[in-house]
Protein chains: 2
Amino acid sequence: MPDDRSSPKEVSYSGRNRVLDEAERLFRTRGYNAVTMRDIACEVGIRQASLYYHFSSKEQLFVAVTERLFERHRIGLQQAIDQDCDDLRSQLHATAAWFLSQPPIYFLSMVHTDMPCLSEENVTRLSNAFEKSIFELIRQIFAQAQERGEIRNTRPQLLAGLFLSVMESIPFVNTRPGAVSGEMIVNEMISVLLDGLKL
Amino acid sequence: MPDDRSSPKEVSYSGRNRVLDEAERLFRTRGYNAVTMRDIACEVGIRQASLYYHFSSKEQLFVAVTERLFERHRIGLQQAIDQDCDDLRSQLHATAAWFLSQPPIYFLSMVHTDMPCLSEENVTRLSNAFEKSIFELIRQIFAQAQERGEIRNTRPQLLAGLFLSVMESIPFVNTRPGAVSGEMIVNEMISVLLDGLKL
DNA sequence: CCTACCGATCGGTAGG
DNA sequence: CCTACCGATCGGTAGG
């Protein structure tokens, strides 16, 4: 019986959570389809069939991973917003700082590539979770700034979508020559968003 | 021998181009991994093995499809920009109108999900093609507006990335409740980009 | 462009 | 959590 696990990590670190952690890392970087149950099992250090002791299917595992991911972002975003509760600019900076502190997530790829592989029920489930955990929080930031009379009349939904798509494209823009830090990109993006490009 | 092809379409419409068209449609909507050679063959109306008469592998087919797609965008973007050569605002509107006139493409998903499945050589090849066909054209729009003193000093690269990510997120934003037309979203986006959100 | 076929790999099950 | 295994499906080849 081989028992020399490569990373014992913590004493009471349940198998289920180890599976969730490794699966999340793999799904996040390569997407649902490109990750196999054998990949995940290999990273965890168990046999592929043993994954079915924790989760009934690959799809169920993906749903559990994604719901946990969304919930973590909901908490992190809420804290980021609450700590700087004065004006829109500082709220956007706090929000951006949260996203930069986390491994990048690719919502657009998830919607476009991963979602179509799931059952209709799980698609609605994850869509709603995203809506409530992430999108709605960002939308409210803009809606409240608008109520305070801080910004001009614009659909908060559009601004939330714009802001999220910009956050998502940072790792992409960042690979090009003359790469700058994520913080600098965010500063420039928020500056453009608030003040515009006009002289 | 069954010979009742469902869509004869045009007389001299070569098999190779039929393959390219159907493959592009499938790759565009579902991504590289989720599309099988059998899917493509089925849409074309031939056997899966026959695809290898036209293309030596699935990867080669994907590269050919994507290069053709990029080249079409390069031409379309160039024409859009040239016809409205005065100010930044009209150039952005013409550019956005071109993207809206085409089936949506998901660059971020391509980079994140499709690219890692290809050989290193083909990754650089497609990355360079994207760079020269699409990204550089958008970048120049901003760079030139900056040289004309039309907008304040900002990295044109960042603005190009921002603009493209916004274009890409339109079909996503558009699915939410209270969906509005792509044109309206684009108008609001460009307005924010140029004038900012401040009152 | 076809028929026939192959080795590899996938998600998942049986039974312990 | 394991071993052993299965049916389905994948990209690709041989030979015409």
Side-chain angles (χ1 to χ4, degrees), chain A residues 1-9 11-23 26-27 30-66 113-119 121-122, chain B residues 1-9 11-23 26-27 30-66 113-119 121-122:
Chain A
M1 294 291 168
D3 202 13
D4 47 344
R5 293 285 177 267
S6 50
S7 55
K9 290 177 179 171
V11 184
S12 183
Y13 180 30
S14 86
R16 192 173 192 278
N17 283 331
R18 285 221 323 274
V19 171
L20 280 171
D21 285 347
E22 297 301 332
L26 289 171
F27 282 142
R30 308 207 314 245
Y32 180 72
N33 244 324
V35 172
T36 71
M37 293 299 266
R38 282 167 178 85
D39 292 335
I40 298 168
C42 180
E43 290 296 303
V44 177
I46 61 176
R47 298 287 177 178
Q48 174 248 8
S50 305
L51 290 174
Y52 292 87
Y53 170 77
H54 299 290
F55 299 94
S56 60
S57 70
K58 184 185 178 185
E59 180 163 341
Q60 283 302 107
L61 173 55
F62 181 79
V63 170
V65 159
T66 307
T113 313
D114 297 339
M115 291 289 207
C117 301
L118 311 179
S119 73
E121 182 198 338
N122 284 326
Chain B
M1 295 292 168
D3 202 12
D4 46 343
R5 293 284 177 267
S6 49
S7 54
K9 292 177 180 172
V11 184
S12 184
Y13 180 29
S14 87
R16 192 172 193 277
N17 283 331
R18 284 216 329 269
V19 171
L20 280 172
D21 285 347
E22 298 300 332
L26 289 171
F27 282 141
R30 307 206 316 244
Y32 180 72
N33 244 324
V35 173
T36 71
M37 293 298 266
R38 282 168 178 83
D39 291 335
I40 299 168
C42 180
E43 290 296 304
V44 177
I46 61 176
R47 299 287 176 179
Q48 174 247 10
S50 304
L51 289 174
Y52 293 86
Y53 170 78
H54 298 290
F55 299 94
S56 61
S57 69
K58 184 186 179 185
E59 180 162 341
Q60 283 303 106
L61 172 55
F62 181 79
V63 170
V65 160
T66 307
T113 313
D114 297 340
M115 291 288 208
C117 301
L118 310 180
S119 74
E121 183 198 338
N122 283 327

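A note on names: the letters A, B, ... follow the listed sequences, proteins ahead of strands, and every chain is numbered from 1.
Contacts of A:V35 with the nucleic acid, taken as non-hydrogen atoms under 4.0 Å apart, involve only primed sugar atoms and P, OP1 or OP2.
Going from atom CZ of A:R30 over to atom OG1 of A:T113 covers 14.5 Å, rounded to the nearest 0.5 Å. Expressed to the nearest 0.5 Å, how far CG of B:L51 lies from CD of B:E22 amounts to 11.0 Å. Rounding to the nearest 0.5 Å gives a distance of 13.5 Å between CZ of A:R18 and CD1 of A:I40.
Put simply, CE on B:M37 is 10 Å from P on D:dT13, counting in whole angstrom units. Distance B:R16 CZ to C:dC1 P: 12 Å, rounded to the nearest Å. Note: CG (B:L51) to C1' (D:dG12) measures 11 Å, nearest angstrom. Nucleotide D:dG12 holds its P atom 10 Å from the CG atom of B:L61, rounded to whole Å.
Judged as a side chain to side chain contact (heavy atoms under 4.5 Å, CB included), and not counting sequence neighbours, the contacts of B:F62 are B:F27, B:Y32, B:T66, B:D114, B:L118, B:L126. With sequence neighbours excluded, no residue forms a side chain to side chain donor-acceptor pair (under 3.5 Å) with B:N33.
The B:R47 side chain lies nearest to C:dT3 when the options are C:dT3, D:dC2, D:dG12.
Between B:A34 and B:D39, the closest heavy-atom pair is O-OD2, 3.9 Å. Of all heavy-atom pairs spanning B:S119 and B:E59, the tightest one is N-OE2, 2.7 Å. For the pair A:V35 and A:L26, the tightest heavy-atom approach, listed with the atom from each and the gap, is CG2-O, 3.4 Å.
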- Item | Strand DNA chain C in bracket notation, Watson-Crick/G-U under 3.5 Å with | for pairs to another chain | ||||||||||||||||

- With B for base contact, S for sugar-phosphate-only contact and - for none (protein heavy atoms under 4.0 Å), nucleotides 4-9 of chain C reads B-----

- Is there a side chain to side chain contact (heavy atoms under 4.5 Å, CB included) between B:N122 and B:Q60 once you walk through the steps? CA-CA 9 Å; B:N122 283 327; B:Q60 283 303 106; 3.8 Å; yes

- Task: Assess whether side chain to side chain contact (heavy atoms under 4.5 Å, CB included) is satisfied between B:D21 and B:V65, documenting all intermediate values.
- Result: CA-CA 8 Å; B:D21 285 347; B:V65 160; over 6 Å; no

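Listed by first then second residue, pairs satisfying side-chain hydrogen bond (donor to acceptor under 3.5 Å, both in side chains) with a partner in residues 49-58 of chain A number zero, not counting sequence neighbours.
Against DNA chain C, the stretch residues 53-60 of chain A makes heavy-atom approaches under 4.0 Å through A:S57, A:K58.
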